[in-house]
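Chain letters run A, B, ... following the sequence lines, proteins first and then strands; every chain starts at 1.
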Amino acid sequence: MASESDPAPSNFIRSMIEKQAASTVATRFPPEPNGYLHLGHAKSICLNFGIAQDFNGWTNLRFDDTNPDKESEEFMTAIKRDVEWLGFQWKSLCYASDYFDDLYSCAVALIKSGDAYVDSLSAEEIREYRGSLKEPGKESPYRNRSAEQSLELLEEMKSGKHNEGDHIVRLKIDMASSNMNMRDPAIYRIKKTHHYRTGDKWSIYPLYDYTHCLSDAIEGITHSLCTLEFEDHRPLYEWVIEKVKASSVAVELGSPVQTEFGPLNLEYTVLSKRKLIELVQKGLVSGWDDPRMPTISGLRRRGFTPDSIREFCRRIGVTKSSAVIEISVLETVIREELNESAERRMAVLEPLKVVITSLADDHNEILQFANHPNKPELGSRQLPFTREVYIEQSDFEEDPPPKFKRLVPGGEVRLRSSYVIRCDEVIKDENGKITELHCTHDPDTLGKKPEGRKVKGVIHWVPAGHSVKSEVRVYDRLFNQPNPLAEDNYLDAINSDSLVVMEDAQLEPALASSAVGSSYQFERQGYFAVDEDSTAERPVCNRIVSLRDTWS
RNA sequence: UGGGGCGUGGCCAAGCGGUUAAGGCACCGGGUUUUGAUCCCGGCAUUCGUAGGUUCGAAUCCUACCGCCCCAGCCA
């Protein structure tokens, strides 16, 4: 497992910073509070906070709250929790809305300097005037109206005198630019929505391209790291800061530099907030923290740890290409961590009763079980061995496939940390369904190999009268396609078997009072975490990940 | 035939003119094992999208071509 001493791997951003020998490295993680954080954000968080840490700098958490239609306090709360849970501390908690007054002053200054204007074209007209990828746009007839007139209209927009869509503030750049972002981008729109933080003060809200760069500059961010899709926005980012600096506004601005890195893509899932919102809203998952979701909260509930997610981010690297990461990378990081740290327990997910006829009805032999096969310091626990036990249905086959090394009629198998048993009789009901097995045990096999023969198989079990009935939720990938977006509709690729509930699982008694969130290895099956749906009478466990399986 | 990016093994990814082309995941052996787990040992790119060129020497420099991604929200 990765330790704190594992150095962050080299990447192009770190190399760049090393060459710069900058005095400070100031970054920010700037989510819009319109949803929950997911693995893609984790990559950005680890990059932004990690790189600042390593260069003795700092990182702000900034909510990009410029679109009150979609944003809420619930999301801000969840985001803060997730960043902290991942193990990072921000220097300042900031909000783009903190800068609304400054941003407005800057807009006034840009109008005065002739770098912005109020346009009164409709949205459709603006789209037509914008031209296409291959054809230049046309200038709005309002583009050259006087600064005084624009200022007057802006003031009216701000005070709510106009309806949404009536006017808009645009930068005056170049309608013929080959970069669409430079064709007089909009920077303020009328929106008469209550804002969680600023209330009803504003009836205009600034747009991303205008807000983000200035927010970075105001906070003194040195390295503004974002994903590849914003590459085309960089010239605009720089243009805005330069023009505002050249104006006479009394807003102090630093000189942030935007650098873009490749977004994270993970097989068998989707990592776009819009689509995750859709999954939640359509009820295709139980919520943002559904253990199948690639959200931080979903992974946490599933049983992933902050360390494992940070290690995942370390392993995938940071480059300028859009990587598609195999799911095995994620599975491996949590397996590696839990293999070291998780205590072993026995649990039978689909029970089959076994009667050991060679034992007395009241046989109750206390056996000792190591909590970890390679770590004696983790201690041991006791488990009674009784006449009736449960084994896994899949550990018995009347007609076994080749190389099957579990229990078969007339065959022997080792009950884990206990005795070797032989299957004497298969009991079935009138439908031919196996209801129980009658076996005999070899009393001379506790802690030693049987005489004169080899028993290859070892299976897990629980004592029938002493086990705890519980619900075990076996999760699988949410989509059945490596790339759900390759479908016409990605929802067609939803895996209908992504959750299988084992209603009759039997846990060994030591698991009865496990704390919510604690995780264990259920021997031979995988790693499981105790879910928050657990009750005192009925624990609920989530399968985090199966054990590696080179047989089936 | 608008602009911006990216192409190193199945998936990531180091590499920055001289290395036998790191490492991880995956996969394939073999050993240990009372978890078909773990652990251990071994294998896994004569080659860096393709074709030319520069150079004593190229994944690294140049040229052309090919492929993939992003951009026409009053979203971020």
A.B. asks: Please check if any side-chain donor atom of A:Tyr208 sits under 3.5 Å from a side-chain acceptor atom of A:Glu32, or the reverse.
C.D. replies: no

A.B. asks: Name the nucleic acid region contacted by A:Lys273, choosing base, sugar-phosphate or nothing; use a 4.0 angstrom heavy-atom cut-off, strictly under.
C.D. replies: nothing

A.B. asks: Taking atom C1' in both B:rG15 and B:rA58, compute the distance separating them and give it to the nearest angstrom.
C.D. replies: 13 Å

A.B. asks: So, does A:Lys449 get its side chain near the phosphate of B:rU34, meaning an N or O under 4.0 Å from OP1 or OP2?
C.D. replies: yes

A.B. asks: Just to be sure I follow the notation: if a pair is Watson-Crick (purine N1 to pyrimidine N3 plus N6-O4 or O6-N4) or a G-U wobble (N1-O2 and O6-N3), each under 3.5 Å, what dot-bracket string does RNA chain B give, with | for pairs to another strand?
C.D. replies: .(((((((.[[[..)..(....]]].(((((.......))))).....[[[[[..)....]]]]])))))).....

A.B. asks: Tell me whether A:Lys192 at atom NZ has more than 12 heavy atoms from other residues, nucleotides or ligands lying less than 6.0 Å away.
C.D. replies: yes

A.B. asks: Quick check on RNA chain B: between A:Ser417 and A:Leu133, whose nearest nucleotide comes earlier from the 5' end?
C.D. replies: A:Leu133

A.B. asks: Identify which nucleotide among B:rC75, B:rG36, B:rA13 has an atom closest to any side-chain atom of A:Ala323, counting heavy atoms from C-beta outward.
C.D. replies: B:rA13

A.B. asks: Please tell me if A:Arg548 has a side-chain N or O lying less than 4.0 Å from either OP1 or OP2 of B:rU38.
C.D. replies: yes

A.B. asks: Parallel, tilted or perpendicular: which describes the rings of A:Trp288 and A:Tyr36, with under 30° parallel and over 60° perpendicular?
C.D. replies: parallel

A.B. asks: Which word best sums up how the rings of A:His38 and A:His41 line up, parallel for under 30°, tilted for 30 to 60°, or perpendicular for over 60°?
C.D. replies: tilted

A.B. asks: Nearest nucleotide by nearest heavy atom, which residue falls closer to the 5' end of RNA chain B, A:Glu326 or A:Thr332?
C.D. replies: A:Glu326

A.B. asks: At under 4.0 Å between heavy atoms, what does A:Ile316 touch on the DNA or RNA strands: base, sugar-phosphate, or nothing?
C.D. replies: sugar-phosphate

A.B. asks: Write down the distance separating the C1' atoms in B:rG10 and B:rC44, rounded off to the nearest Å.
C.D. replies: 11 Å

A.B. asks: Students often get this wrong, so: under 4.0 angstrom with heavy atoms, is A:Arg130 touching a base, only sugar-phosphate, or nothing?
C.D. replies: sugar-phosphate

A.B. asks: Kindly indicate whether the side chain of A:Arg189, heavy atoms from C-beta on, has any atom under 4.5 Å from the side chain of A:Met157.
C.D. replies: no

A.B. asks: Return a single string for nucleotides 3-8 of chain B, one symbol per nucleotide in 5' to 3' order, where B is base contact, S is sugar-phosphate-only contact and - is none, cutoff 4.0 angstrom on heavy atoms.
C.D. replies: BSSS--

A.B. asks: Can you tell me, in whole Å, how much space there is between the P of B:rC41 and that of B:rU54?
C.D. replies: 47 Å

A.B. asks: Expressed as a whole number of Å, how far does the P atom of B:rA14 sit from that of B:rU35?
C.D. replies: 39 Å

A.B. asks: For this output row, return yes or no: ring centroids of A:His195 and A:Phe100 closer than 6.0 angstrom.
C.D. replies: yes

A.B. asks: Would you please classify the geometry between the A:Tyr237 ring and the A:His212 ring as parallel, tilted or perpendicular, with 30° and 60° separating the classes?
C.D. replies: tilted

A.B. asks: Using 30° and 60° as the class limits, which term best fits the ring planes of A:Trp461 and A:Phe385: parallel, tilted or perpendicular?
C.D. replies: perpendicular

A.B. asks: Look at the side chain of A:Lys405 and decide which nucleotide, out of B:rA13, B:rG36, B:rU34, has an atom nearest to it.
C.D. replies: B:rG36

A.B. asks: Looking at A:Arg183, I'd like to know whether one of its side-chain N or O atoms comes within less than 4.0 Å of OP1 or OP2 on B:rC71.
C.D. replies: no

A.B. asks: How would you label the glycosidic angle of B:rG42: syn (within 90° of 0) or anti?
C.D. replies: anti

A.B. asks: Determine whether more than 12 heavy atoms belonging to other residues, nucleotides or ligands lie under 6.0 Å from atom NZ of A:Lys449.
C.D. replies: no

A.B. asks: Of the nucleotides B:rC75, B:rU35, B:rA14, which one has an atom closest to the side chain of A:Arg416?
C.D. replies: B:rU35

A.B. asks: Quick one: label A:Thr211 by what it contacts on the DNA or RNA (base, sugar-phosphate, nothing), any heavy atom closer than 4.0 Å.
C.D. replies: nothing

A.B. asks: When the ring planes of A:Phe522 and A:Phe528 are compared, do they come out parallel, tilted or perpendicular, using 30° and 60° as the limits?
C.D. replies: parallel

A.B. asks: Starting at atom CG of A:Asn181, determine the distance to atom P of B:rG73, rounded to an integer number of angstrom.
C.D. replies: 11 Å

A.B. asks: Measure CD/A:Gln525 against P/B:rG36 and give the value in whole Å, please.
C.D. replies: 11 Å

A.B. asks: Using a heavy-atom cut-off of under 4.0 Å over every strand shown, decide if A:Gly457 touches base, sugar-phosphate, or nothing.
C.D. replies: nothing

